Amino acid sequence: MRKYSEEMLGVKVRMALLPLLQTDDKVVLNFEGVNVVSNSFADESIAKLLMEMSLEDLKSKTTFRGLNPIAKESVLTAIQRRYLSLQAK
């Protein structure tokens, strides 16, 4: 049940991010106070944005703040896995 909740929250975050990423402003993803980011949340909320935009666009339109090393690893791993899976298609 918990994994489902994380995935659903990730989808909600991604849906909220998409219109923000269509603007000329850089979107700050603030993780201050967040101790752990699950792989499923990182994939649903951030990595799946790669299905809508290129990695270069994602990098240029977003910046991360307050990611601790564990959370950073989860986010980077999710982005890398999603990127590689999309490249394989």
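All values derive from a computational prediction rather than experimental measurement.
Within a 6.0 Å sphere centred on CD1 of Ile70, other residues, nucleotides and ligands contribute 12 heavy atoms or fewer. The environment of NZ in Lys26 is crowded: more than 12 heavy-atom neighbours from other residues, nucleotides or ligands sit within 6.0 Å.
Within the model, atoms OG of Ser85 and CD of Gln80 stand 11.0 Å from one another, a figure rounded to the nearest 0.5 Å. To the nearest 0.5 Å, atom CG of residue Leu55 and atom CD1 of residue Ile79 are 7.5 Å apart. Taking CZ from Arg14 and CE from Met51, the interatomic distance works out to 5.5 Å, rounded to the nearest 0.5 Å. Between the CD1 atom of Ile46 and the CG atom of Leu17 there is a distance of 7.5 Å, given to the nearest 0.5 Å. Atoms CG and CZ, from Leu86 and Arg81 in turn, are 14.0 Å apart once rounded to the nearest 0.5 Å. Rounded to the nearest 0.5 angstrom, Phe41 CZ and Ser5 OG are separated by 12.5 Å.
For Thr77, the side chain to side chain donor-acceptor pair (under 3.5 Å) partners are Glu73, not counting sequence neighbours. Scanning for salt bridge (Lys or Arg N to Asp or Glu O under 4.0 Å) contacts around Lys61 gives an empty result, with sequence neighbours left out.
Note on Val27 and Leu76: separate hydrophobic clusters, where clusters join Ile, Leu, Val, Met, Phe, Trp and Tyr whose side-chain heavy atoms are under 4.5 Å apart, directly or indirectly. With hydrophobic clusters built from ILVMFWY side chains whose heavy atoms lie under 4.5 angstrom apart, Leu20 shares a cluster with Met53. Val11 and Leu49 fall within a single hydrophobic cluster, where Ile, Leu, Val, Met, Phe, Trp and Tyr side chains are chained together by heavy-atom contacts under 4.5 Å. Residues Leu9 and Val34 share a hydrophobic cluster, clusters being chains of Ile/Leu/Val/Met/Phe/Trp/Tyr side chains in contact below 4.5 Å.
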Please assess Thr62 against Leu21 for the test side-chain contact (heavy atoms from CB on, under 4.5 Å), listing each intermediate value before the final yes or no.
-> CA-CA 8 Å; Thr62 60; Leu21 293 169; 3.6 Å; yes
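In terms of heavy-atom proximity, Ala71 sits nearest to Leu67 at CB-CD2, 3.6 Å. The shortest heavy-atom contact between Leu18 and Glu52 is CD2-CG, 3.8 Å.
One finds a salt bridge joining Asp43 and Arg82 here, because a Lys/Arg side-chain nitrogen approaches an Asp/Glu carboxylate oxygen to under 4.0 Å.
Between the side chains of Glu6 and Ser38, at least one donor N or O sits under 3.5 Å from an acceptor N or O.
With Ser74 contributing its side chain and Asn39 its backbone, the two residues share no donor-acceptor pair below 3.5 Å.
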